[in-house]
Amino acid sequence: MTTRRDFLRISASALAASVIMPHSLKSQASASKGAPSDQLRLALVGCRSMGWYDLTDLMNHPGMYCAALCDVDSKVLESKAAEAAKLWGNRPDTYTDYRRILERKDIDAVVIGTPDHWHCLIMTDACSAWKDVYVEKPAANSIAECDAMVAAQKRYGRVVQVGQQQRSSKLWHEMKRIVDSGELGHVGRVNVWANFAYAAIRSHAQDGPVPEGVDFDMWLGPAPKRSFNASRFHGSWRMFWDYGGGLVTDWGVHLLDMALWGMNVDGMPSKVMAVGDNLAYPDNFAETFDTLSVLYDYPGFLIQWSNVAVESGPYGMNYGLEFKGTDGTLVVNREKMELYPQGGAKPVQQWKPTNNEHLDHTTDFIDCVRSRRFDTACTIQNGALCAKTAHLGNIAAKTGVALTYDDARRTFHNKAANRLITPAYRAPWKLPL
């Protein structure tokens, strides 16, 4: 008889086969992983950048224990294990294959800080191994993967928080209150922008040997086989389609989340149109668009996304949102919020952040894990909505046509666009169902 452990060894996605488990056995398994003890045992997969930031904020709370770290880069792994020992008094176990972590029954929750193309497999496997999950944004690197993650959370009943921490910010909650109050009048348009120079890779390395200590085949995972290039690796992978979606799936999910939330959107737009290319820097080594404009059409209003790899923007902000109402305009980013009267050149009200949104976001996750509440500040359902909205923009720009996405039937009714819904996983990895 093949056990779940065997499935894990064969392929991460094969854990999805447990959907055939009788309902009574599923319930027993779920009950066996109910409310954890006062001490929460964490594991981090993907130890650089935001993954480490997430873990350190989680470890700032009482009753936390870092049990394991996983990374395909042995230098990063050893460095973070040593740092963890200094910070928290114990050296966590280290792994290069996340499936070994999921075999451990003593780990309560998994933090996922990997490149985007790994989010879906690790999250769905963690859920099927009865682990709760904190996963970085965007939820996934494709529409189909987002849907698979939503299904896994529902199937296994796990607590999932997506790292869209603005949902835990008092400033952004005040934004939501103002828009809902009607103080702006009718909001017919929301402008969203993020202009960051890192979207352009102007000098790039040549393909070369894999650095010592890096399991590059595991880093690629379900993505196509490809030679190693430092300009497609640490810090810049998100500018290549196999691993990320550029600025719109990076900053875009944060800011589009606020636009969707402010306008009470809980589904797909009626229509999406986009144009994108490497126009700011035509010699850009990146595959994703350094210049992109997307128009999302909703009943009664429009949301427009734009990005360019030049760090300037409206109101002196290189990123932010503008809610254009008939009675006023609200402008906001993470540093400030300003309310302009209709036709006014100066704001009549200004606000500044009043809480540590990221720390409070991790607090919310811990509270939900301990109380077994599934309505985290940013559920996988909301994270998937925002990621799918961002992916719609890229797909519309790639195809060059106006698109309508039928979320129920999971189709665009356009052959070229439909080919971009689901990624082709490289064997032996399989897309979870």
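At least one donor-acceptor pair closer than 3.5 Å links the side chain of Asp71 to the backbone N or O of Cys47. Between the side chain of Asn195 and the backbone N or O of Ala309 there is no donor-acceptor pair closer than 3.5 Å. One N or O on the side chain of Asn278 and one on the backbone of Asp290 form a donor-acceptor pair closer than 3.5 Å.
Using a 4.0 Å cut-off between a side-chain N of Lys or Arg and a carboxylate O of Asp or Glu, Arg91 and Glu78 qualify as a salt bridge. Contact check on Arg410 versus Asp147 returns a salt bridge, with a Lys/Arg side-chain nitrogen under 4.0 Å from an Asp/Glu carboxylate oxygen. A salt bridge is defined here as a Lys NZ or Arg NE, NH1 or NH2 lying under 4.0 Å from an Asp or Glu carboxylate O, and Glu338 with Lys336 meets this definition. One finds no salt bridge joining Asp116 and Lys137 here, because no Lys/Arg side-chain nitrogen approaches an Asp/Glu carboxylate oxygen to under 4.0 Å. Using a 4.0 Å cut-off between charged side-chain N and carboxylate O, Lys86 and Glu83 make no salt bridge. Ion pairing of Arg177 with Asp180 is absent here, as no side-chain N (NZ or NE/NH1/NH2) approaches a carboxylate O to less than 4.0 Å. Taking the charged nitrogens against the carboxylate oxygens, Asp360 and Lys170 have no contact shorter than 4.0 Å, which rules out a salt bridge. The pair Asp132-Arg372 counts as a salt bridge, with a side-chain nitrogen and a carboxylate oxygen less than 4.0 angstrom apart. Residues Glu174 and Lys352 are not paired through a salt bridge, judged by the lack of any N-O separation under 4.0 Å between the basic side chain and the carboxylate.
For Phe301 and Phe323, the gap between ring centers reaches or exceeds 6.0 Å. Proximity of the aromatic rings of Trp429 and Trp118 is defined here by a centroid distance below 6.0 angstrom, and this criterion is met. No close placement of the Trp193 and Tyr319 rings is indicated, their centers lying 6.0 Å or farther apart.
Contacts of Tyr65 classified as ring pair (Phe, Tyr, Trp, His ring centres under 6.0 Å), with partners at least two apart in sequence or in another chain: none. Contacts of Lys75 classified as salt bridge (Lys or Arg N to Asp or Glu O under 4.0 Å), with partners at least two apart in sequence or in another chain: none. Shown here are the salt bridge (Lys or Arg N to Asp or Glu O under 4.0 Å) partners of Asp257, two or more places apart in sequence or in another chain: Arg167. Applying the ring pair (Phe, Tyr, Trp, His ring centres under 6.0 Å) criterion to Trp237, with sequence neighbours excluded, gives no partner residue.
Nearest heavy atoms, Val162 versus Thr379: CG2-O, 3.7 Å. Residues Ala139 and Cys146 come closest through the heavy atom pair CB-SG, 4.3 Å.
Looking only at atom types and distance, the side chain of Ser142 has a donor-acceptor partner in the side chain of Glu145 under 3.5 Å away. No side-chain donor from either of His361 and Asp57 sits under 3.5 Å from a side-chain acceptor of the other. Donor-acceptor pairing under 3.5 Å is recorded for the side chains of Trp305 and Asn307. Side-chain N/O atoms of Tyr98 and Asp125 include a donor and acceptor closer than 3.5 Å. Remark: the Asn418 side chain and the Thr411 side chain contain an N/O donor-acceptor pair separated by less than 3.5 Å. A side-chain N or O of Asp250 and one of Tyr198 form a donor-acceptor pair less than 3.5 Å apart.
Applying the ring pair (Phe, Tyr, Trp, His ring centres under 6.0 Å) test to residues at least two apart or on different chains, the pairs with a partner in residues 362-396 are Tyr134-Phe365. Listed by first then second residue, pairs satisfying ring pair (Phe, Tyr, Trp, His ring centres under 6.0 Å) with a partner in residues 167-190 read His173-Trp261, not counting sequence neighbours.
Note on ring orientation: taking the six-membered ring where Trp is involved, the planes of Phe228 and Phe233 are perpendicular (angle over 60°, cut-offs 30° and 60°). Ring geometry for Tyr243 versus Phe240: interplanar angle of 30 to 60°, hence tilted.
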With salt bridge (charged side-chain N to carboxylate O under 4.0 Å, His left out) as the criterion, how do Glu287 and Arg226 come out once you've worked through the C-alpha distance, each side chain's angles and the decisive distance to 0.1 Å? CA-CA 14 Å; Glu287 296 172 348; Arg226 196 169 190 177; 3.1 Å; yes
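Counted within 6.0 Å of CG on Asp266, heavy atoms from surrounding residues, nucleotides or ligands total 12 or fewer; the atom is thus considered open.
Both cation-pi conditions hold for Lys398 and Trp241: the charged atom is under 6.0 angstrom from the six-membered ring centre and inside a 45 degree cone around its axis.
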